[in-house]
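What follows is a short report on a single structure.
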There are 2 protein chains.
Amino acid sequence: MAEDVFKALADPTRRRILDELTERDGQTLFEICTRLVTKHGLGLSRQAISQHLAVLESAGLVRSRRQGRYKFHDLNTEPLERIANRWLRSDRPESTP
Amino acid sequence: MAEDVFKALADPTRRRILDELTERDGQTLFEICTRLVTKHGLGLSRQAISQHLAVLESAGLVRSRRQGRYKFHDLNTEPLERIANRWLRSDRPESTP
DNA sequence: TTGATAGGCAAGCCGTGACTTGCCTATGGT
DNA sequence: ACCATAGGCAAGTCACGGCTTGCCTATCAA
């Protein structure tokens, strides 16, 4: 549950993927692959990204919908909102200016 | 920097320590040790907790002040506020009901 | 139907991190 | 001065996680 969210966020590549999905939602595996390589210069295999996406999905941070031979990935921020309030429950920080 | 914050939060024992410090701030190593053992039933050595505190401190999540032979540990939520706004920047979540 | 595209499964390598053990330093009480 | 307390340092063990490699399945286009 929330346990997996922290482990999912522990890896920098997975955080990059979340960044990618915030910028453009509903990307496919190959799209994420190429964008990570070209924009961030990460030399990762397709399997590596696939496994990262599996971790993110089992943590509830990413939802996937299959459509034909494509599988689109959508960001889900709901688990993030919960962990944000774990140690900041008294008052939330003001949004960045 | 923020990189270390995620790695620091990845371990469940370290999150327990943060929980302990939110409940009572300014605890010493032995206090945290005994409370983790008694309240949460964790059978950890003193060194383990000490190393965890070092990780939390280098991540900026814990500040320590030495006083005589005691070393008190204080929680610092400022790094948490920043990572909370990384993927939630568009709109703030409503506080938990 | 065939070939190319999009993705999945499984085993294996390897580095990093968590924890222990043993010993050392320093402060404070009596 | 002496001993117990509070904490630090360093090396070593061990399991888990990230990544690769190789092969397999499924969908679309020609």
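Chain naming here is simple, since letters A, B, ... match the order of the sequence lines and numbering starts at 1 in each.
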Spatial distance of atom CD1 (Ile49(A)) from atom CD (Glu31(A)) [nearest 0.5 Å]: 13.5 Å
Nearest-0.5 Å distance, CG of residue Leu44(A) to NE2 of residue His52(A): 6.0 Å
Any side-chain N or O of [X] under 4.0 Å from OP1/OP2 of [N]?
| X | N | answer |
| --- | --- | --- |
| Ser45(B) | dT20(C) | yes |
| Ser50(A) | dG7(C) | no |
| His52(A) | dG17(D) | no |

Whole-Å distance between [N] [atom2] and [X] [atom1]?
| X | N | atom1 | atom2 | result |
| --- | --- | --- | --- | --- |
| Tyr70(A) | dA6(C) | OH | C1' | 8 Å |
| Gln27(B) | dA6(D) | CD | C1' | 15 Å |
| Arg66(A) | dT25(D) | CZ | P | 15 Å |
| Asp4(B) | dG17(C) | CG | P | 10 Å |
| Arg16(A) | dG18(D) | CZ | C1' | 16 Å |
| Lys71(B) | dA26(C) | NZ | C1' | 14 Å |
| Arg69(A) | dG3(C) | CZ | P | 16 Å |
| Gln51(B) | dA11(D) | CD | P | 13 Å |

Salt bridge Glu3(B)-Arg15(A), side-chain N to carboxylate O under 4.0 Å: yes
SB check Arg16(B) Glu20(B) (cutoff 4.0 Å): no
Nearest-nucleotide comparison on DNA chain D, the residue closer to the 5′ end among Phe72(B) and Asp11(A): Phe72(B)
Toward the 5' end of DNA chain D, by each residue's nearest nucleotide, Gln67(A) or Gln47(A): Gln47(A)
Polar side-chain contact Arg46(A)-dG8(C) base: donor and acceptor under 3.5 Å: yes
Donor-acceptor pair under 3.5 Å, Arg14(A) side chain vs dG18(D) base: no
Any residue meeting side-chain contact (heavy atoms from CB on, under 4.5 Å) with Thr34(A), in chain and number order, not counting sequence neighbours: none
